[in-house]
Asks: 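What follows is a single structure, and I will ask about it in a moment.
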Amino acid sequence: HVQLVESGGGSVQAGGSLRLSCAARTGTFSSACMGWIRQVSGQEREGVASIDADGETSYADSMKGRFTISKVNAEKTLYLQMSNLKPDDTAMYFCAAQYTGISGCYSTSLDSATFDYWGQGTQVTVS
């Protein structure tokens with residue numbers, strides 16, 4: 001069973017920055033595809049950024065240049081550095097993982113349906 005625990009959300013003024021963290025308590029983190037997905041209440045989930053086992057990354061167009069996804073395999077931790085935040089970035093941010101076995105996961109899909117495991121989410125509010 002894979003457990004993902006997000007932290008780092010909060011309230012910030014427009015133009016500010018936040019760094020989200022996601023600690024993977026189990027699973028072979030280094031071989032997983034990891035992603036950040038966000039959701040506004042009543043709306044569909046939106047892919048934010050993803051990173052594969054090799055460290056290849058992908059971003060939604062509206063996040064390019066403002067958000068950076070990264071991971072530290074030794075710490076089993078995924079990060080999302082968010083800068084120049086806008087009110088439209090207000091959402092619940094979820095960490096998600098896709099495990100495909102020891103051969104590794106090499107997909108940078110932003111489709112939430114590709115992820116098998118999810119954290120509980122952390123709220124980001126930009127005013």
Asks: Specify the closest pair of heavy atoms between Leu80 and Ala49, including all atoms of both residues, with the distance to one decimal.
Replies: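 Closest approach of Leu80 to Ala49: CD1-CB, 4.2 Å.
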Asks: By the salt bridge (charged side-chain N to carboxylate O under 4.0 Å, His left out) test, which pairs, at least two apart or in different chains, include something from residues 44-55?
Replies: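 Of all non-adjacent pairs touching residues 44-55, those that pass salt bridge (charged side-chain N to carboxylate O under 4.0 Å, His left out) are Arg38-Glu46.
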Asks: From the options Cys95, Cys22, Ser21, select the one residue that forms a side chain to side chain contact (heavy atoms under 4.5 Å, CB included) with Tyr79.
Replies: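 Of the listed residues Cys95, Cys22, Ser21, the side chain to side chain contact (heavy atoms under 4.5 Å, CB included) partner of Tyr79 is Ser21.
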Asks: Could you check whether any side-chain N or O of Ser50 sits under 3.5 Å from a backbone N or O of Gly35, counting only pairs where one atom can act as donor and the other as acceptor?
Replies: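 Between the backbone of Gly35 and the side chain of Ser50 there is no qualifying donor-acceptor contact (under 3.5 Å).
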Asks: Keeping Glu6 on the side-chain end and Gln120 on the backbone end, is there a donor-acceptor pair under 3.5 Å?
Replies: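 Yes; at least one donor-acceptor contact below 3.5 Å.
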Asks: Would Met34 and Gln98 count as a side chain to side chain contact (heavy atoms under 4.5 Å, CB included) if you check the C-alpha gap in whole Å, the side-chain angles of each, and the deciding distance to 0.1 Å?
Replies: CA-CA 6 Å; Met34 304 293 298; Gln98 178 187 12; over 6 Å; no
Asks: Mind checking whether Leu85 and Leu18 have side chains closer than 4.5 Å, heavy atoms only?
Replies: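 Leu85 reaches Leu18 side chain to side chain.
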Asks: For a 4.5 angstrom cut-off between non-hydrogen side-chain atoms, does Gln123 reach Thr90?
Replies: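 Counting from C-beta outward, Gln123 and Thr90 do come under 4.5 Å.
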Asks: Can you list the other members of the hydrophobic cluster that holds Trp118, where links are side-chain heavy atoms under 4.5 angstrom apart?
Replies: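 Ile37, Met92, Phe94, Phe115, which link up through side-chain heavy atoms under 4.5 Å apart, make up the rest of the cluster.
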Asks: Should Leu20 and Thr122 be marked as a side chain to side chain contact (heavy atoms under 4.5 Å, CB included) after you check the CA-CA gap, both sets of side-chain angles, and the distance that decides it?
Replies: CA-CA 8 Å; Leu20 306 183; Thr122 186; 4.0 Å; yes
Asks: Using a 3.5 Å distance criterion without hydrogens, assess whether the side chain of Thr114 forms a donor-acceptor pair with backbone atoms of Ser112.
Replies: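 Answer holds: no.
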Asks: Considering only heavy atoms from C-beta outward, does the side chain of Ser30 approach that of Thr28 to under 4.5 Å?
Replies: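 Heavy-atom side-chain distance check passes, below 4.5 Å.
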Asks: Apply side chain to side chain contact (heavy atoms under 4.5 Å, CB included) to residues Lys71 and Phe29 and explain how you reach the verdict.
Replies: CA-CA 9 Å; Lys71 62 176 181 172; Phe29 181 84; 3.9 Å; yes
Asks: Quick one: do Lys86 and Asp89 make a salt bridge, cutoff under 4.0 Å?
Replies: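 No.
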Asks: Tell me the closest heavy-atom pair linking Cys33 and Ser107, and the distance in Å.
Replies: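 Answer, listing the atom of Cys33 first, then Ser107: SG-O, 3.2 Å.
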Asks: Between Leu110 and Val48, is a side chain to side chain contact (heavy atoms under 4.5 Å, CB included) present by the stated rule, with each step listed?
Replies: CA-CA 7 Å; Leu110 296 176; Val48 174; over 6 Å; no
Asks: Measuring from atom OG of Ser58 to atom CD1 of Ile69, what distance do you get when rounded to the nearest 0.5 angstrom?
Replies: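 Answer rounded to 0.5 Å: 9.0 Å.
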Asks: Just wondering, do Ile51 and Glu56 contact through their side chains at under 4.5 Å, heavy atoms?
Replies: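 In short, these two side chains do not touch, never coming nearer than 4.5 Å.
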Asks: Please list all pairs meeting ring pair (Phe, Tyr, Trp, His ring centres under 6.0 Å) that have one or both residues in residues 35-70, counting only residues at least two apart or in different chains.
Replies: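 Pairs touching residues 35-70 that pass the test: none.
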